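These notes are about the structure you will find just below.
Worth saying up front: this structure is predicted, and the values here are computed from it rather than measured. Start at 1 and go down the list; that is how both ligands and their atoms are numbered.
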Amino acid sequence: MRLATLNALIIAVCLITPSWLSKPVAAADGPEIERRIDSLLKQMTLEEKIGQLQQLDGEWTGLARPEQFDLARRGLLGSTLNVRGARRVNELQRAAVEQSRLKIPILFGFDVIHGYRTIFPIPLGQASSWDPPSWEKAASIAALETSAAGVRWTFAPMLDIARDARWGRIAEGGGEDPYLVSAFAAAQVRGYQGNSYASPGKILGCAKHWVAYGAAEAGRDYNTTEVSERTLREIYFPPFKAAVDAGVGTFMSSFNDLNGIPATANQFTLDQVLRKEWKFDGFVVSDYDGIRELIVHGIASDEAGAAQAALSAGVDMEMVSRTYNNTLADLLKRNKISVAAIDEAVRRILRVKLRLGLFERPYADESAEQSLTLRTDSRAAARQIASRSMVLLKNEGGLLPLSKNLDAIAVIGPLADNKRDILGSWSGDGRAEDAVTPLDAIKSRIAGSTRISYAGGCDIIDSNKSNFEEATRAARESKVAIVVVGESAEMSGEAASRTSLDLPGKQLELIKAVVSTGTPTVVVLMNGRPISIGWVAENAPAILETWFAGTEGGNAIADVLFGDVNPGGKLPVTFPRSVGQVPIYYNHKNTGRPADPKDKYTSKYIDGPSTPLYPFGWGLSYTKFQLSGLTLSSRKIPSNGSLDVSVDVRNVGDRAGDEVVQLYVHDVAAAITRPVKQLSGFQRVTLQPGEQRRLTFSLGPSQLGFYNRDMRFEVEPGVFKVMIGPNSLEGLEASFEVDKE
Ligand code: NOJ
């Protein structure tokens, strides 16, 4: 499906929208909101104020807990997480809005990470589409379903840059590059929140995890991080800044110790950068139990110390632990914190609730929930977005796409017919029963005369090989074998770090056994992180990276395998050859001794290459593209100036396809060493056979500058190299100069 169809779908969504959803919410404006907050603050008791700062967890099934009704009636519950479903939400909301003294509504939150019920590819998969309209569309459908379920706040987007594939949460973000993840951030915030998160069908976003959580030492989740201020500002901050610029309403502080001060008590990141420099005026929620954990980190000896540290750093709402509730009143009595500090946190939370129109529209429409959930057009969009997210890693001899008229196809592997894992981790309210597996989709796709033999072969994790025989027989009797392997959904996501990046269990052996039958073999990967697949890359003729592609994943995979969709995704992360290479990322520094195979004393390994298996930005197509005619609008610019970089891209193959043209920049000599290249622009274009298009990218101070020795952002005079290509390795080059003024 092409963009025109996507647009038609968007229009369709608008047309079928029920009337209550299209009614504008009379949310108050800025000064009016502040006046209402002043008036509420005057009426609130200290207990009620502290109650607004508390977020409590519902049952995992979506039910509210009995205690929460009592707190709601007493006006002591600011927010919940996981309580969902229009009826359940309304029930608890009624206690707050109809029975409490001040009738302040509860804000219901939930982790809608890549879809609510209609599940889209995991974020790392979506990032592979390099396609902002797809990102925005996925988030906007998620918002529609989420708000229909009474939940007005998602804990997304997750904007943690991740350079270490051992870290399981790499699956939840957009990969390793600050420019790409910033674009991803802005598009997702637009999708969730629209122009105003008070709009019908829109929800409040939450930029998380603030900050540098993805830099966990050794890739072990929750582990300590040590990141210089410059690297914070250049690598880890930009996606969050992009979210602020896009108007994100809330932030979540992260679990990690950051340079000795846990992010949940870090005045520099929470107050200095976020509030003072970036002027963020929404609220910050802690992560789950994160404030109490300040005691475990060892920067507080008790709950009071933890509460004091978090509140004074700028954490407004406490998720699950109750240190604010248990200790703020006493801290106030002892003059350890001020009423002003509590009032400020309450103000920020009420401001967001008022902006959200929650006071005017506290309830969900129970009669509309079902019709807005898992709609046919939402599924169609999920299928299209999933197919745009797939990355063709290898396609020797043009094995793909497959003909739909083959005599026999073997579909093999533990993930070939697995409805649960294809949804990926953090799959909201997604249900296995809704999912389409590759086997389902292949069966429905091919001609009636084609015989399909299915054999699981082995499990994802265990070491039982007793079904290998069935799998190799199926392969031998077929014209092609499609082997679907990878990780289980639970092997990535939170608390799912790995010490190995290999295919788990006996899956590599299964692939080897199938390949050794001599039947042409297509390896279809499902995984939440880059995995080390050296043998597969060398020996299997075709490899398709599908990540965890979501509810419509099987259909999207079949679309690509049989050529209904020409794959155009590109890797948003580097694929290492082995776990020993991580952290590995394309935008590294050069060192004084870059790897030179002829010189032992250079930066490399003695037992393997230092180059990646697949570089950042890598991805093939069923057609071929050629880049030519690179021109710069200017060879010399002032330091506050900009220039245009233009290039022709031509489809020189014989089928329509998408290319993602990538622009990289390198500052050749500067006061601070600069990365060997930095992504500074990209465009995904669809071209018919023979079609050529001229693309223009603008380069200006935001892409050319860096934080100098005084930690001020500046563009230094000197020579810059420009590289433009289909990935981070290949392409055309030119250079220009930033002039001394
Ligand atoms: C912990 C996770 O770190 C965070 O991402 C999530 O939003 C919260 N739990 C709530 O589920």
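Judged by distance alone, with hydrogens and angles left aside, the side-chain atoms of Trp426 form no donor-acceptor pair with the main-chain N or O of Asp111 at under 3.5 Å. Listed for the Thr546 side chain is no donor-acceptor partner under 3.5 Å among the backbone atoms of Met390.
Residue contacts with ligand 1 for Leu81 involve side-chain atoms from C-beta outward but no N, CA, C or O (heavy atoms, distance under 4.0 Å). Contacts with ligand 1 closer than 4.0 Å are made by side-chain heavy atoms of Met252 only, the backbone lying farther away. With a heavy-atom cut-off of 4.0 Å, Met319 touches ligand 1 through its side chain alone. For Phe110, no heavy-atom contact with ligand 1 is shorter than 4.0 Å.
Every residue meeting the salt bridge (Lys or Arg N to Asp or Glu O under 4.0 Å) condition with Asp289, not counting sequence neighbours, appears here in chain and number order: Arg292.
Residue-to-ligand polar distances keep Tyr288 apart from ligand 1: every N/O pair is separated by 3.5 Å or more. Between His209 and ligand 1, an N or O atom pair is found at a separation short of 3.5 Å. Among the atoms of Arg169, some N or O lies under 3.5 angstrom from an N or O of ligand 1.
Between Arg87 and Glu369 there is no salt bridge, since none of the side-chain N atoms of the basic residue sits less than 4.0 Å from a carboxylate O of the acidic one. At a threshold of 4.0 Å, the pair Arg117-Asp434 counts as salt-bridged, since one of the basic side-chain nitrogens sits closer than that to a carboxylate oxygen.
Which parts of ligand 1 touch Asp287 is read off a 4.0 Å heavy-atom cut-off, strictly below it: atoms 1 (C), 2 (C), 3 (O), 4 (C), 6 (C), 8 (C), 9 (N). Those atoms of ligand 1 that come under 4.0 Å of a heavy atom in Asp111, given as number and element, are 6 (C), 7 (O), 10 (C), 11 (O). Interface atoms of ligand 1 facing Trp426, defined by a heavy-atom separation under 4.0 Å, are 11 (O). Atoms of ligand 1 found under 4.0 Å from any heavy atom of Lys208 (numbered from 1 in listed order, with element): 4 (C), 5 (O), 6 (C), 7 (O). The atoms of ligand 1 that sit less than 4.0 Å from any heavy atom of Phe155 are 7 (O).
Using a 30° and 60° split on the angle between ring planes, Phe251 and Phe240 fall in the tilted class, from 30° to 60°.
Of the options Ile349, Val346, Leu350, Asp343, a side-chain contact (heavy atoms from CB on, under 4.5 Å) to Ile37 is made by Leu350 and by none of the others.
In the model, Gln272 has no side-chain atom that pairs as donor or acceptor with a side-chain atom of Gln267 under 3.5 Å.
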